[in-house]
Visitor: 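Okay, handing you the structure first.
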Amino acid sequence: MTSAASTAYDVAAVRADFPALRAGAAHFDGPGGSQVPRQVAHAVAATLGSPIANRGRLTEAERNADDVVLAARAAVADLVGGDPGGVVFGRSMTQLTYDLSRTLAASWGPGDEVVVTRLDHDANVRPWVQAAAARGATVRWADLDPDTGELTAGALRAVLSDRTRLVAVTGASNLIGTRPDVAALTALAHDAGALAYVDGVHLTAHAPVDVAALGADLYACSPYKFLGPHLGCVTAAPALLETLHPDKLLPSTDAVPERFELGTLPYELLAGTTAAVDYLAALGGPGGDRRARLTAGMAAVEAHEDRLRERIEEGIAELPGVTLWSRARHRTPTLLLTFADRPAAEVSRALAERRVNAPAGNFYAIEASRRLGLGDAGGLRVGLAPYSDDADVDRLLEGLRAAL
Ligand SMILES: Cc1ncc(COP(=O)(O)O)c(C=O)c1O
């Protein structure tokens, strides 16, 4: 690992690790998927270039596959503060959430209730809505306050009952960055006797995470949002997973967590996931175990991104006709903007001509976009990443000035 590790956040050293940045674009598209450091690409390629077979302990090829899986479970567990024995991998968070929603819903019936929110990405909404419908259970919606962008404990309390079986809530909004008080929300869910399924896809890329402190019974995230390859994972207590029985093939193992992982895992992407976690840990400096370095590294990322976010907010405050929808008290560095005189999609195109990548849309947080009064068009999303720097911010602000 390189020079990226230091006490002061060294963004130049970080950027030197990202081959994609040499293409010259300023990337504000991280919330859709981050760029990847060379260490991750090397780990993927090295795995594909090594003897590899199905998991086992007999041949070198079998051991390589097994070691890669166990290392990735340990890495994700360190990243989120979970138990490696409860880390489930899958193609994406969406796929895992669909699978788990059907498995969890097997015990639901008429009269049971499920709570989803108007803040969440649709991947933590529709699977639960559809699973509830299939079982005759009722869906209740915790509302988003469109003025503040907050999802409050009061909004959840208003829809909880002693029939609530599950609360699905986001750790942070990928549209407007809101970080609800997840610990307070999951405590309410638990008081009602419900499980809490927390979508950590956006949050995990921007802050230290501790699933126990969040009170998440199941915590979903996607490595491709935190500098890793394209796959998804869910972390839960192994004891909880033992109570759940997904559909599976007859000859495949019934062990936890494997019984939730359908088919052969993408070993090369798991190796890349471990490399991404190790990269983030290196940002925390040399001291302590990986979990401690990750906590320090993500705190350094958070401070770096927050400083740049403040610069962007100061810059856009001086521009005419810009509305900033990211207003929550506690939030990630993810800004949603609309413009009085130009559709966001046009502004996005104008920025793209300058190689400033900031997409427009609702980003599948369609309920939130509609609740904010932005319909399905959403707005322009400006997202920061560990490799963002002041020059990127300058280019963004110049591009916006020219576009408006
Ligand atoms: C907050 C949030 N949840 C869920 C998802 C879906 O993740 P995946 O692409 O792994 O299914 C995304 C992807 O953008 C997201 O931002």
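Both counts, for ligands and for their atoms, begin at 1 and track the order of listing. Residues take their numbers from the sequence shown, with the count starting at 1.
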Visitor: Counting only nitrogen or oxygen atoms and a 3.5 angstrom limit, does Met93 reach ligand 1?
Guide: yes

Visitor: Around atom 13 (C) of ligand 1, find the nearest protein heavy atom and jot down its residue, atom name and distance.
Guide: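 Heavy-atom neighbour on the protein nearest atom 13 (C) of ligand 1: Lys225 NZ, 3.0 Å.
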
Visitor: In the protein, what heavy atom is nearest to atom 3 (N) of ligand 1, and what distance, to one decimal place, separates them?
Guide: Asp199 OD2, 2.6 Å

Visitor: So is there a nitrogen or oxygen of His202 less than 3.5 Å from a nitrogen or oxygen in ligand 1?
Guide: no

Visitor: Should the pair Arg126-Glu367 be classified as a salt bridge under the 4.0 Å nitrogen-to-oxygen rule?
Guide: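 Answer for the salt bridge query: yes.
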
Visitor: I want to check a possible cation-pi pair here: Arg381 against Phe363, using under 6.0 Å from ring centre and within 45° of the ring axis as the test.
Guide: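 Relative to the ring axis of Phe363, which defines the angle, Arg381 lies inside both limits.
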
Visitor: Please tell me if the side chains of Ile176 and Leu119 come closer than 4.5 Å, counting only heavy atoms from C-beta onward.
Guide: yes

Visitor: I want to check a possible cation-pi pair here: Arg327 against Trp325, using under 6.0 Å from ring centre and within 45° of the ring axis as the test.
Guide: yes

Visitor: Quick check on Gln95 - does any of its heavy atoms sit under 4.0 Å from an atom of ligand 1?
Guide: no

Visitor: Quick one: look up the protein heavy atom nearest atom 15 (C) of ligand 1 and list residue, atom name and how far away it is.
Guide: His121 CD2, 3.2 Å

Visitor: Got a donor-acceptor contact below 3.5 angstrom from the Asp217 side chain to the Tyr197 backbone?
Guide: no

Visitor: Give me the residue, atom name and distance of the protein heavy atom closest to atom 11 (O) of ligand 1.
Guide: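 Result for atom 11 (O) of ligand 1: Thr94 OG1, 2.5 Å.
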
Visitor: Would you say Thr334 and His202 are linked by a side-chain donor-acceptor pair, where the criterion is simply a distance under 3.5 Å?
Guide: yes

Visitor: Does ligand 1 come near enough to Ser222 that some N or O of the ligand is less than 3.5 Å from an N or O of the residue?
Guide: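 The answer is yes, given that Ser222 and ligand 1 share an N or O pair closer than 3.5 Å.
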
Visitor: When you measure from atom 16 (O) of ligand 1 to every protein heavy atom, which one gives the shortest distance, and what is it?
Guide: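 Ranked first by proximity to atom 16 (O) of ligand 1 is Asn174 CB, 3.3 Å.
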
Visitor: Using the salt bridge (charged side-chain N to carboxylate O under 4.0 Å, His left out) rule, pick out the option among Arg91, Lys248, Arg73 that qualifies with Glu261.
Guide: Arg73

Visitor: What protein heavy atom sits nearest atom 9 (O) of ligand 1, and how far away is it?
Guide: Tyr224 OH, 2.5 Å

